[in-house]
Student: 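One structure coming up, written as structure tokens, with questions to follow.
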Amino acid sequence: MKSLLAPAILLSAAALSASAATVTFNEQIAPIVYAKCAGCHRAGESAPFALTSYQDVKKRGALIAAVTQSRYMPPWHAAPASVNYRDERRLSDTQLALLQAWVKQGMPEGDPAKATPLPAYPAGWQLGQPDLIVSFPRAYRVPADGPDIYRDFVIPVGLAEDQWIRAIEVRPSAPKTVHHMLYYADVSGTLRKADQGEGTPGFAGLSLPRGTLSLGVWAGGTQPHFLPEGVARPFPKGSDLVIQEHFHPTGKEEMEKTVVGIYFAKQAPERRMLSIQLPNEFGLFSGLRIPAGDKSYTKRDSFTLPVDVDAFAVSAHAHYIGKSMKLTATLPTGETKVVLNIPNWDFAWQDGYQFSEMLALPKGTRLDGEVVWDNSATNPHNPSTPPVLVKWGEQSRDEMGSVTLELLPHLQTERKLLTDALNARARNDQKAAIDRDPAFGDFLEDLFSGKTAVFQAGERKSQQ
Ligand code: HEC
């Protein structure tokens with residue numbers, strides 16, 4: 001919460017005019033809180049307390065003023081960009097100013113005749129009856145206290161046909177302890193070996209091996225979504241569903257047995273999606289060596305689109321000492337669009353950002369990705385005290401990082417031109433990395449043959 005000290009310039013002209021008039025809960029505040037907070041802050045959802053009545057909000061007024069001013073809440077790490085994101089949780093400057101003014105004015109309730117009703121939250125599946133419902137084979141025990149837990153669970157699905165996923169909706173059995181989830185397809189079928197036997201369900205680990213397909217991300221308490229019309233993620237036949245859950249102990253022991261609803265497309269989409277990572281492979285080829293104490297170790301990568309594309313989502317990934325991420329697109333006209341800008345990365349709030357509308361990027365557009373890490377002692381998220389040299393790897397004390405753009409080729413017939421260019425880039429990056437450091441070749445060989453990421457029943461082997 002270091003950004004609690006955010007400068008007061010956030011209080012814009014809107015703030016001044018807002019503070020002049022009386023702001024009441026019933027008129028201005030309830031609509032903001034019900035739209036931007038109560039989705040998570042209500043009974044049965046992820047946040048630790050409800051914000052569903054005047055009394056609830058008034059009781060925590062001072063804290064609410066502080067955490068909204070610092071933009072710790074609502075959790076939303078993307079700064080305003082050139083694109084609009086779907087379901088943006090960020091408060092507008094005006095909403096923020098109204099909240100601040102209301103708290104300053106003593107939090108009046110206002111005219112009961114103007115009260116805003118709490119939205120109805122439909123029970124059951126938000127997206128309708130799923131095509132397939134699966135669940136954890138066994139419940140996982142989340143202890144009452146202790147550090148946050150990141151754990152991967154494998155749900156054997158094993159369909160006989162290839163499928164295309166349009167949405168995933170999850171129903172945690174202990175929602176207060178589930179902070180967020182990342183979904184994957186394990187095509188290889190090897191991860192289920194790591195999650196078998198009589199021991200604790202699941203296995204520890206922050207990143208899954210190469211070849212696992214990303215199926216999206218969900219932050220506790222948020223509305224699930226279908227992908228845009230005509231977009232679906234591949235779920236090849238035989239794949240298992242892998243879910244990485246982030247648990248936040250609640251002070252009370254909880255048993256979590258997640259139920260997952262999967263929504264398939266009726267048919268294979270005409271255009272097949274792709275993703276472009278910058279730096280490539282989460283920075284595997286970038287020669288990541290983050291010296292102890294370095295406050296802004298930076299890696300950049302670029303890729304020029306060989307064909308027209310329509311992008312629909314962007315996401316970012318790093319481990320604990322990630323600091324900021326950025327993706328820009330420079331069009332052939334010279335115009336630069338900011339696609340994603342995360343100035344304060346927080347590993348605890350991973351998010352995917354779907355665009356409100358498809359972002360058309362013409363052939364010749366240059367994508368520039370940048371990831372910055374802070375390996376200093378002053379980074380409160382640094383897992384090592386004192387800081388140590390950090391290299392690329394899949395364990396929590398290792399790092400990786402990239403920004404990923406998800407897109408469709410504008411014409412399916414041109415998809416191969418794009419995959420050929422991406423494959424050529426991967427080969428060049430790999431060759432350059434080995435030329436720079438021959439030992440990297442051995443490391444890669446171990447990694448690709450599965451020697452580096454060793455799984456044992458119930459637990460992932462530590463490399464420390
Ligand atoms: C996506 C879910 C989500 C949304 C939306 C959300 N919160 Fe939270 N909130 C949480 C969670 C989870 C926590 C527990 C702390 C954490 O995990 O960071 C929390 C914690 C808090 C806290 C306690 C902070 C502390 O330091 O103890 C306050 C106050 C708060 N939220 C206010 C708000 C307000 C006001 C809004 C809307 C303007 C909001 N939250 C929107 C999920 C959410």
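Both ligands and their constituent atoms are indexed starting at 1 by order of listing. Side chains included, hydrogens not; waters and symmetry mates left out as well; all remaining heavy atoms used.
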Student: Are Arg171 and Trp125 in a cation-pi contact, defined as NZ or CZ under 6.0 Å from the six-membered ring centre and within 45° of the axis?
Tutor: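 Flagged: Arg171 positioned over aromatic ring of Trp125.
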
Student: Does ligand 1 have an atom that lies less than 4.0 angstrom from a heavy atom of Trp76?
Tutor: no

Student: Return the option from Thr222, Leu91, Val67, Ile32 holding the heavy atom at the smallest distance from atom 24 (C) of ligand 1.
Tutor: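 Ranked by closest heavy atom to atom 24 (C) of ligand 1, first place is Val67.
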
Student: Could you see which bit of Trp218 sits under 4.0 Å from ligand 1, with heavy atoms only: side chain, backbone, both or neither?
Tutor: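 For Trp218, no heavy atom sits under 4.0 Å from ligand 1.
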
Student: Judged on heavy-atom distance to atom 11 (C) of ligand 1, which of Gly61, Cys40, Ala35, Pro48 sits nearest?
Tutor: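 Residue with the shortest heavy-atom distance to the ligand atom: Pro48.
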
Student: At under 4.0 Å between heavy atoms, is it the side chain or the backbone of Ala219 that contacts ligand 1, or both, or neither?
Tutor: neither

Student: Looking only at non-hydrogen atoms, find the nearest pair between Ala318 and Trp373 and report the distance.
Tutor: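 Heavy atoms only, the tightest pair is CB-NE1, 4.2 Å.
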
Student: Would Arg60 and Phe49 count as a cation-pi pair here, with the cationic atom under 6.0 angstrom from the ring centre and within 45° of the axis?
Tutor: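 Yes, Arg60 and Phe49 form such a contact.
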
Student: If the contact criterion is a heavy-atom separation under 4.0 Å, does Ala66 count as touching ligand 1?
Tutor: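 No; Ala66 lies far enough from ligand 1 that no heavy-atom distance drops under 4.0 Å.
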
Student: Hey, looking at atom 21 (C) of ligand 1, which of His41, Glu45, His248, His246 has the closest heavy atom?
Tutor: His41

Student: Hey, which of Phe347, Phe247, Phe203 is the one that makes ring pair (Phe, Tyr, Trp, His ring centres under 6.0 Å) with Tyr150?
Tutor: Phe347

Student: Does ligand 1 have any atom that is closer than 4.0 Å to a heavy atom of Lys36?
Tutor: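 Distance cut 4.0 Å: Lys36 passes for ligand 1.
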
Student: Please determine whether any non-hydrogen atom of Arg89 lies less than 4.0 Å from an atom of ligand 1.
Tutor: yes

Student: Can you list the atoms of ligand 1 that are under 4.0 Å from a heavy atom of His179?
Tutor: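 Answer for ligand 1: 16 (C), 17 (O).
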
Student: Please confirm whether Arg42 makes a cation-pi placement over Tyr121, using NZ or CZ under 6.0 Å from the six-membered ring centre and within 45° of the ring normal.
Tutor: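 Ring-cation test returns yes.
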
Student: Going by an N to O cut-off under 4.0 Å, is there a salt bridge joining Arg300 and Glu370?
Tutor: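 Between Glu370 and Arg300 there is a salt bridge, with a charged N closer than 4.0 Å to a carboxylate O.
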
Student: What are the atoms of ligand 1, with element, lying closer than 4.0 Å to any heavy atom of Pro75?
Tutor: 1 (C), 3 (C), 4 (C), 6 (C), 7 (N), 43 (C)

Student: Below 4.0 angstrom from a heavy atom of Tyr72, which ligand 1 atoms are there? Numbered from 1 as shown, please.
Tutor: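 Near Tyr72, the atoms of ligand 1 are 15 (C), 16 (C), 18 (O).
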
Student: Between His225 and Asp87, what is the shortest heavy-atom contact and its length?
Tutor: NE2-OD2, 2.5 Å

Student: Quick test of your reading of the model: are Glu256 and Arg141 salt-bridged, counting only N-O distances below 4.0 Å?
Tutor: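 Salt bridge flag = no for Arg141 with Glu256.
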
Student: For the residue pair Tyr34 and Phe25, does the interplanar ring angle fall in the parallel (under 30°), tilted (30 to 60°) or perpendicular (over 60°) class?
Tutor: perpendicular

Student: As an exercise, identify every atom of ligand 1 less than 4.0 angstrom from a heavy atom of Gly220.
Tutor: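 Close to Gly220: 1 (C), 2 (C).
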
Student: Tell me, with the steps shown, if Glu406 and Arg233 meet salt bridge (charged side-chain N to carboxylate O under 4.0 Å, His left out).
Tutor: CA-CA 10 Å; Glu406 293 189 300; Arg233 298 178 194 277; 2.5 Å; yes

Student: Is Gly39 in contact with ligand 1, taking contact as a heavy-atom separation below 4.0 Å?
Tutor: no

Student: What are the atoms of ligand 1, with element, lying closer than 4.0 Å to any heavy atom of Pro74?
Tutor: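 Going through ligand 1 atom by atom, the ones under 4.0 Å from Pro74 are 38 (C), 41 (C).
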
